Novice: 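I have a structure I would like to understand better, so I am pasting it below and will then ask my questions one at a time.
Everything numeric in this text was worked out from a predicted model, so none of it was measured.
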Amino acid sequence: MQNITLDYILNHKFEKTGLESDYSDKFSRSGRFAPSMLSSLPDSDEDKMAELKTKLERIDYDKAFTNAKFEAKTNIKKNSFRKALNGGPKRKIQRVTVAKFVIGFELSLNEANELFTLESHPLSPNEVLLDAVVVHCINNHHDIAEFFATCEQVGLNVKACE
């Protein structure tokens with residue numbers, strides 16, 4: 001993936017912000033098949049979401065952060081994270097949550113791309129503003145505070161937990 005600079009992000013016209021509610025329909029099969037058919041398809045969206053949850057849980061377990069450190073590094077409430085992981089197959093992990101997790105856990109671009117692929121599609125920094133910010137932050141070793149500052153600077157409305 002090319003080096004995404006702040007200047008590029010500020011001056012590029014993106015197709016999507018990455019925060020749209022219908023975001024995954026462009027990239028997933030859920031826009032092409034009836035919901036009742038999705039679970040019977042090989043490698044269905046539900047299977048991918050289950051695999052994403054498993055990978056997130058494994059990474060969290062391996063790092064063994066305390067709840068306070070987890071929340072400080074990711075800006076994700078640990079209870080909310082647990083509920084999302086333990087929710088049924090239809091409980092989706094949002095793309096912005098994956099972004100916060102990736103930045104907070106200081107994952108590599110390859111690791112991040114794997115998680116984003118499971119969420120709905122691979123990182124698309126030339127098409128999706130959130131993805132460009134994530135790639136920029138990973139390449140520059142930004143922490144969660146710098147991630148939020150970059151989002152604010154480029155006009156991406158990502159909310160921090162209170």
Novice: Would Val98 and Val134 count as a side chain to side chain contact (heavy atoms under 4.5 Å, CB included) here? Give the steps.
Specialist: CA-CA 10 Å; Val98 176; Val134 168; over 6 Å; no
Novice: Supply the atom-to-atom distance Leu56 CG to Thr97 OG1, rounded to the nearest 0.5 angstrom.
Specialist: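 Between Leu56 CG and Thr97 OG1, I get 9.5 Å after rounding to 0.5 Å.
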Novice: Could you tell me whether Lys92 and Glu119 have a side-chain N and a carboxylate O separated by less than 4.0 Å?
Specialist: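 Yes, charged N to carboxylate O under 4.0 Å.
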Novice: Show your reasoning for whether side chain to side chain contact (heavy atoms under 4.5 Å, CB included) applies to Leu107 and Ile138.
Specialist: CA-CA 8 Å; Leu107 300 183; Ile138 290 171; 5.9 Å; no
Novice: Output the distance between atom CG (Asn140) and atom OG1 (Thr150), rounded to the nearest 0.5 Å.
Specialist: 8.5 Å
Novice: How many angstroms lie between CG in Leu19 and CG in Leu129, if you round to the nearest 0.5 Å?
Specialist: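 Result: 8.0 Å between the selected atoms.
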Novice: Taking Glu71 for its side chain and Ile76 for its backbone only, find out whether a donor-acceptor pair lies under 3.5 Å.
Specialist: no
Novice: Group every Ile, Leu, Val, Met, Phe, Trp and Tyr by side-chain heavy-atom contacts under 4.5 Å, then state whether Leu10 and Phe14 land in the same group.
Specialist: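 Linked, Leu10 and Phe14 end up in one cluster.
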Novice: Do the charged groups of Asp131 and Arg95 touch, with an N to O distance under 4.0 Å?
Specialist: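 Looking at Arg95 together with Asp131, the answer is yes, because their closest N to O distance falls below 4.0 Å.
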Novice: Between Phe70 and Phe105, does a ring-ring contact (aromatic ring centres under 6.0 Å, His included) hold up when you go through it step by step?
Specialist: CA-CA 9 Å; Phe70 175 92; Phe105 275 77; 5.7 Å; yes
Novice: Do Asn157 and Lys159 have side-chain atoms, one donor and one acceptor, less than 3.5 Å apart?
Specialist: yes
Novice: When you measure from the side chain of Thr74 to the backbone of Ala72, do you find a donor-acceptor pair of N or O atoms at a distance under 3.5 Å?
Specialist: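 Flag not set: sc Thr74 to bb Ala72 has no pair under 3.5 Å.
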Novice: Give the C-alpha distance, both sets of side-chain angles, the deciding distance and a yes or no for side chain to side chain contact (heavy atoms under 4.5 Å, CB included) between Lys53 and Arg58.
Specialist: CA-CA 9 Å; Lys53 289 177 181 183; Arg58 172 56 55 193; over 6 Å; no
Novice: Does His136 reach the main-chain N or O of Ile9 with its side chain, forming a donor-acceptor pair under 3.5 Å?
Specialist: no
Novice: Is there a side-chain contact between Phe81 and Ile93 in this structure, where contact means two heavy atoms from C-beta onward sitting under 4.5 Å apart?
Specialist: no
Novice: Answer with yes or no whether the side chains of Thr54 and Glu51 bring together a donor and an acceptor at under 3.5 Å.
Specialist: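 There is no such pair between these side chains.
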Novice: State plainly whether the residues Arg82 and Asp60 are in salt-bridge range, i.e. N to O under 4.0 Å.
Specialist: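 Salt bridge between Arg82 and Asp60, a charged N being under 4.0 Å from a carboxylate O: yes.
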Novice: Which one of Lys63, Lys73, His141 satisfies the side chain to side chain donor-acceptor pair (under 3.5 Å) criterion with Glu106?
Specialist: Lys73
Novice: Count the heavy atoms of every other residue, nucleotide or ligand shown that sit under 6.0 Å from CD of Glu146, and state whether that count exceeds 12.
Specialist: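 Yes, CD of Glu146 has more than 12 neighbouring heavy atoms, counting only those of other groups under 6.0 Å.
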Novice: Examine distances only and state if a side-chain atom of Thr66 and a backbone atom of Lys69 form a donor-acceptor pair shorter than 3.5 Å.
Specialist: yes
Novice: Between the main-chain N or O of Pro122 and the side-chain N or O of Asn113, is there a donor-acceptor pair closer than 3.5 Å?
Specialist: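 No; zero donor-acceptor contacts below 3.5 Å.
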Novice: When rounded to the nearest 0.5 angstrom, what distance separates CZ in Phe101 from CG in Asn75?
Specialist: 14.0 Å
Novice: Would a distance-only check, ignoring hydrogens and angles, find a side-chain to backbone donor-acceptor pair under 3.5 Å from Glu111 to Ser108?
Specialist: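 Between the backbone of Ser108 and the side chain of Glu111 there is a qualifying donor-acceptor contact (under 3.5 Å).
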Novice: Any chance you could lay out the side chain to side chain contact (heavy atoms under 4.5 Å, CB included) test for Asp143 and Ile103, step after step, and finish with the verdict?
Specialist: CA-CA 6 Å; Asp143 64 13; Ile103 299 301; 5.6 Å; no
Novice: So, are Glu127 and Lys16 salt-bridged, with charged N and O less than 4.0 Å apart?
Specialist: no
Novice: Testing the 3.5 Å rule here: is there a donor-acceptor pair between the side chains of Thr17 and Glu20?
Specialist: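 On atom types as modelled, these side chains qualify, holding a pair under 3.5 Å.
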Novice: So how far is it from Leu109 CG to Leu123 CG, rounded to the nearest 0.5 Å?
Specialist: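 The CG atom of Leu123 is 6.5 Å from CG of Leu109, to the nearest 0.5 Å.
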